[in-house]
S.K.: 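Below: one structure in structure tokens.
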Amino acid sequence: MDYDFRKIESKWQALWAEKGTFKAKEDSGKPKYYVLDMFPYPSGAGLHVGHPLGYIASDIYSRYKRLKGFNVLHPMGYDAFGLPAEQYAIQTGQHPEVTTVNNINRYRQQMDRIGFSYDWSREIRTCDPAYYKWTQWAFLKMFGSWYDNDADKARPVEDLVAAFEKGGSAAVNAACSDHEPFTAEQWKSFSDKEKSDVLMNYRIAYQGETAVNWCAGLGTVLANDEVKDGLSVRGGFPVEQKKMKQWQLRVSAYAGRLLEGLDRIDWTDSLKEMQRNWIGRSFGCEAVFKCYNGETEHDVTIFTTRADTMFGVTFMVLAPESDLVDLLTTPEQKAAVDEYVAAVRKKTERERISETKTVTGVFSGSYGINPLTGEKVPVWISEYVLAGYGTGAIMAVPAHDSRDYAFARKFNLPIIPLIEGCDVSEESFDAKSGKMMNSGFLNGLDVKEAIPAAIEYVEKHGIGHRKVNYRLRDAIFSRQRYWGEPFPIYYKDGIPTPVPFDKLPLMLPEIDEFKPTENGEPPLARAKDWTYEGWPLETSTMPGFAGSSAYYLRYMDPSNGDALVDRKVDEYWRDVDLYIGGTEHATGHLIYSRFWDKFLYDLGYVCEDEPFRKLINQGMIQGRSSFVYRIVGTNKFVSCGLKSQYETTEIHVDISLVRNDRLDLEGFKAWRPEFADAEFVLENGEYVCGWAVEKMSKSMYNVVNPDNICNDYGADTLRLYEMFLGPLEQSKPWDTKGIDGVNRFLKRFWRLFFNGDELAVSDEKATPAELKALHKLIGKEQEDIENFSFNTTVSAFMIALNELSDLKCNKREILEPMTILLSPFAPHIAEELWSVLGHEESISFASFPEYHEEYTVESNATYAVSFNGKTRFTVDLPKAMDKAEVEAEVRKMEQTSKYVAGGSIVKVIVVPGKIVNIVVK
RNA sequence: GCCUUGGUGGUGAAAUGGUAGACACGAGGGACUUAAAAUCCCUUGGACAGCAAUGUCCGUGCGGGUUCGAUUCCCGCCCGAGGCACCA
């Protein structure tokens with residue numbers, strides 16, 4: 001009987017679906033294991049072979065864990081709100097929901113063909129009202145909460161109001177936006193509108209005026225992680241800084257916990273490092289410099305991590321956007337300052353980035369007093385100081401900071417070196433080492449001692465206090481788009497008011513066009529009667545990351561209408577044990593999700609404060625493009641090896657026309673009309689194409705669709721091959737060169753069971769050699785899967801198969817466990833063979849074979865031994881031995897020089913006089 | 001500039017201190033076949049010696065170091081990939 005993968009695969013896929021084989025139930029009798037893939041955004045292009053890489057890995061792990069006796073939750077869904085569907089809608093008028101549903105159906109079909117063990121009864125879509133009800137619910141909870149820095153957790157706003165009534169703003173230590181302090185009496189005298197405005201400074205989901213990333217090309221604002229190099233990540237449109245009132249999430253309140261939580265989770269170092277950089281903790285101190293503009297005095301607070309360098313301050317700098325600019329600009333300087341600030345404001349983010357090297361600035365006219373020395377220093381304004389970080393004002397120490405140095409050089413400001421022996425004639429000395437000088441009470445101290453000493457001094461003399469700053473900013477949470485979750489907020493007399501929980505979900509309204517309105521309002525302003533109880537509703541929608549932040553919780557209890565997740569159910573599944581996805585989400589989704597989870601944890605809705613225990617980043621699969629070389633001015637194409645003899649242009653050729661770098665000449669002629677009469681210069685009768693590794697994309701004709709592989713080789717081959725390609729975490733080009741190898745492996749494995757059309761599995765007892773091959777594989781597979789080293793597991797299968805083929809093994813005692821071992825990797829063929837062996841139940845309910853080391857150890861082995869790396873002799877061991885026995889045996893031989901004994905069980909390494917190492921394999 | 005990675009045959013790769021190149025692809029040779037496909041077997045890092053079995057030397061980006069022994073650990077370079085980048 002031949003291995004007919006098409007028949008087998010469709011048969012088992014249908015049976016799994018019909019029987020609900022992979023349905024997960026809460027079962028306290030078994031340990032739980034939650035394996036999650038980052039759910040895809042269903043794009044119009046469908047899946048390419050890169051997408052399933054991580055899904056295959058997580059599927060193998062899920063199936064392995066099931067065999068190991070775990071109750072596995074392995075769900076899948078769709079991140080269905082997003083820009084591409086909406087852009088498409090604007091162009092074509094097609095409702096984004098229609099496009100999205102079509103794409104989802106296509107994705108589902110493609111995924112089903114690969115034979116994943118998802119529990120599809122738990123599928124979620126972020127655009128489904130039953131789902132986004134809980135996104136809106138979480139938003140309202142954040143709206144109704146504030147962050148208590150003393151308790152280090154979120155608390156309900158009611159507590160805050162109670163505190164205000166007792167003691168005004170001084171009664172709490174909260175994470176909040178800048179605002180004027182107030183007393184209890186003032187609070188009580190505030191109008192409803194005023195109270196609402198004050199509370200807005202404290203809410204975790206709040207509305208605030210800040211500089212946002214405005215993308216005119218997309219007509220919306222974007223979060224920091226959605227902007228790269230001054231361009232939008234989606235679409236690549238330029239982004240500018242603009243002051244706007246937007247919904248934001250107070251993620252910054254959680255900066256410390258987000259940082260500290262990284263120490264408790266099993267993620268790669270590089271990913272943790274990325275998050276640490278993004279959060280950007282720095283410890284230093286704030287200090288007040290009194291500044292005088294000729295008429296009035298103003299306190300300017302600066303932040304520094306180098307308090308030790310305060311004696312070297314020769315000027316101060318304000319960010320152009322700082323509120324202090326107006327206060328400290330003198331009348332004589334006003335014209336120059338206005339011009340400078342206006343010029344800075346006009347620049348796009350991209351221009352600012354590309355001009356980092358050029359130093360610009362303007363003098364404000366004011367002077368500040370160095371609180372340590374009493375010296376007078378000029379106050380400048382420059383764009384190299386950022387309004388959004390620290391206090392938007394700095395003390396400049398040109399001798400020990402390269403940016404201050406460049407500025408001082410450009411504007412001829414003095415430079416005072418503070419560290420003995422440092423040379424600041426050409427560049428600043430930024431290193432935190434050396435002995436202090438020119439620094440009063442700090443003289444003679446090492447920098448490492450001087451920093452805390454200076455901070456202590458500053459605190460003691462009331463100049464300032466120690467302070468931790470984070471780079472992490474609050475997340476901009478509104479988008480001026482249609483295809484997203486509506487905010488459950490309406491404006492009652494202009495006061496943002498939550499829609500009551502029992503009215504959720506607030507459904508996305510139908511509109512006839514998806515563009516912004518003529519006067520620039522978001523598309524939702526087009527909706528008829530977009531009001532709640534007669535009051536206008538918010539017209540922005542939530543960003544893409546809203547729906548993906550807590551989706552892993554919803555899978556636990558996907559159809560619960562009363563809670564995001566039932567408390568009992570959450571206590572069973574708790575958190576994601578294994579999360580697999582791309583590294584591109586390091587500073588977006590993976591930060592937001594952790595923040596969201598910690599918030600829900602604070603309010604007692606979930607029981608774990610980190611959502612993803614272990615995280616693996618699968619590498620990217622790149623495309624391998626093929627080229628043909630056209631001789632310039634002709635329609636003649638020259639084979640790659642001969643192209644240096646001609647002047648040629650390189651042309652991308654569709655990779656479906658190329659096999660093993662050989663071009664299908666007839667196919668090429670038929671590909672495009674202009675190549676119909678192409679001529680070729682061949683080498684050895686073939687046309688060899690050139691190649692390059694590039695991103696997989698339509699325009700480079702290098703996209704490989706998994707469906708084609710499933711048609712030609714089958715899903716099991718695809719699964720094995722994607723794993724065989726190399727280490728999971730490594731990026732690699734897609735290349736079908738080796739696919740025949742794994743396909744051959746499956747065919748050979750199949751043939752072990754049959755003799756012609758007859759089942760030829762014998763019930764004879766297995767020989768020691770056969771058991772050895774099997775148990776070597778069990779041991780290897782167990783170890784490799786736990787380490788996510790799937791490529792070497794596939795190799796181990798091939799080795800085992802080679803050994804068993806040599807032994808002509810067809811024994812049930814061996815083949816049955818082999819089939820179980822294979823089932824996580826190639827589930828269809830394993831199911832088929834399992835049923836051929838007479839089993840009625842799915843192989844998923846089998847148990848992983850037990851590993852016995854003694855089967856892999858042989859007695860009476862002979863070892864080759866090399867002596868001084870030269871002479872060889874053999875050692876016969878009378879029986880299987882442990883380390884100590886071997887050691888005794890070797891000592892008997894009285895070798896005094898180094899020798900190495902190697903063999904299938906033991907390696908003995910001896911240097912003169914002693915045994916260095918013995919490895920028992 | 002800073003951080004994180006990686007660099008091994010014609011190719012994908014394995015080995016994490018102990019016989020470098022497992023396994024697979026490709027290539028070459030052979031068997032079966034009227035033929036092809038499929039399948040199976042042998043060879044395959046380089047150099048040298050030998051009719052041969054085989055032997056010797058070199059070899060994991062480059063240069064040092066630690067060690068009886070280094071692809072693996074340490075120091076300094078070179079190159080590639082990814083991330084961050086006026087964060088005071």
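A, B, ... follow the sequence lines: proteins, then strands. Residue 1 opens every chain.
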S.K.: With sugar-phosphate meaning primed atoms plus P, OP1 and OP2, does A:Tyr470 contact a base, only sugar-phosphate, or nothing at under 4.0 Å between heavy atoms?
M.R.: nothing
S.K.: Looking at RNA chain B, which of residues 784-792 of chain A put a heavy atom within less than 4.0 Å of it?
M.R.: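 Under 4.0 Å from RNA chain B: A:Asn791, A:Thr792.
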S.K.: Taking B:rC41 as the reference, what is the distance to B:rA24 when you measure between their P atoms (whole Å, please)?
M.R.: 10 Å
S.K.: Using atom C1' of each nucleotide, how far apart are B:rU67 and B:rG12 to the nearest Å?
M.R.: 33 Å
S.K.: For A:Glu273, enumerate each residue passing the salt bridge (charged side-chain N to carboxylate O under 4.0 Å, His left out) test, keeping only those at least two apart in sequence or located in another chain.
M.R.: A:Arg276
S.K.: Could you measure between the two P atoms, the one in B:rA47 and the one in B:rA52, and give it in whole Å?
M.R.: 16 Å
S.K.: Output all residues satisfying ring-ring contact (aromatic ring centres under 6.0 Å, His included) with A:Tyr384, sequence neighbours left out; order by chain, then residue number.
M.R.: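 Partners of A:Tyr384 under the ring-ring contact (aromatic ring centres under 6.0 Å, His included) test: A:Phe407.
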S.K.: Is A:Asn802 touching bases, backbone alone, or none of the nucleic acid, heavy atoms closer than 4.0 Å?
M.R.: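 A:Asn802: backbone/sugar contact only, no base atoms under 4.0 Å.
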S.K.: Reckon A:Pro733 touches a base, only the sugar-phosphate, or nothing at all at heavy-atom distances under 4.0 Å?
M.R.: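 If one applies the 4.0 Å heavy-atom cut-off, A:Pro733 turns out to touch nothing in the nucleic acid.
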S.K.: Pull out every protein N or O sitting under 3.5 Å from an N or O of nucleotides 39-43 of chain B, one pair per line with the distance.
M.R.:
{"residue": "B:rU39", "atom": "O3'", "partner": "A:Arg751", "partner atom": "NH2", "Å": "3.0"}
{"residue": "B:rC40", "atom": "OP1", "partner": "A:Arg748", "partner atom": "NE", "Å": "3.4"}
{"residue": "B:rC40", "atom": "OP1", "partner": "A:Arg751", "partner atom": "NH2", "Å": "3.3"}

S.K.: In whole Å, what separates the C1' atom of B:rA14 from that of B:rU60?
M.R.: 12 Å
S.K.: How long is the straight-line distance from CG of A:Asp308 back to CD1 of A:Ile455, given to the nearest 0.5 Å?
M.R.: 8.5 Å
S.K.: Can you measure A:Asp740 atom CG to B:rA27 atom P for me and round it to whole angstrom units?
M.R.: 10 Å
S.K.: If we take the P atom in both B:rC84 and B:rC25, what is their distance in whole Å?
M.R.: 40 Å
S.K.: Tell me, please, which residues at least two apart from A:Phe749 pass ring-ring contact (aromatic ring centres under 6.0 Å, His included).
M.R.: A:Phe753
S.K.: Under 4.0 Å, heavy atoms only, any strand: does A:Arg281 hit a base, just the sugar-phosphate, or nothing?
M.R.: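 Answer is nothing: A:Arg281 stays at 4.0 Å or more from every strand.
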S.K.: Please report, rounded to the nearest Å, how far the C1' atom of B:rA13 is from the CG atom of A:Leu725.
M.R.: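 Interatomic distance, CG of A:Leu725 to C1' of B:rA13: 10 Å.
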S.K.: Rounded to the Å, how far apart are A:Ile799 CD1 and B:rA14 C1'?
M.R.: 9 Å
S.K.: Considering only atom P, compute the distance from B:rC57 to B:rU4 and round it to an integer number of Å.
M.R.: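 B:rC57 and B:rU4 have their P atoms separated by 41 Å.
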S.K.: Regarding A:Val385, tell me which of base, sugar-phosphate or nothing describes its non-hydrogen contacts under 4.0 Å with the strands shown.
M.R.: base
S.K.: Please classify B:rG9 as syn or anti, treating any glycosidic angle within 90° of 0 as syn.
M.R.: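 Classified syn.
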S.K.: What's A:Ser795 touching, base or sugar-phosphate or nothing? Going by heavy atoms closer than 4.0 Å.
M.R.: base
S.K.: Going by the rule ring-ring contact (aromatic ring centres under 6.0 Å, His included), which residues pair with A:Phe289 if we only count those two or more places apart in sequence or in a different chain?
M.R.: none
S.K.: If we take the P atom in both B:rG6 and B:rG10, what is their distance in whole Å?
M.R.: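 About 23 Å, rounded to a whole number of Å.
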S.K.: Can a cation-pi geometry be assigned to A:Arg594 and A:Trp267, taking NZ or CZ under 6.0 Å from the six-membered ring centre and within 45° of the ring axis?
M.R.: yes
S.K.: Suppose you measure atom C1' in B:rU16 against the same atom in B:rG21; what distance do you get, rounded to whole Å?
M.R.: 16 Å
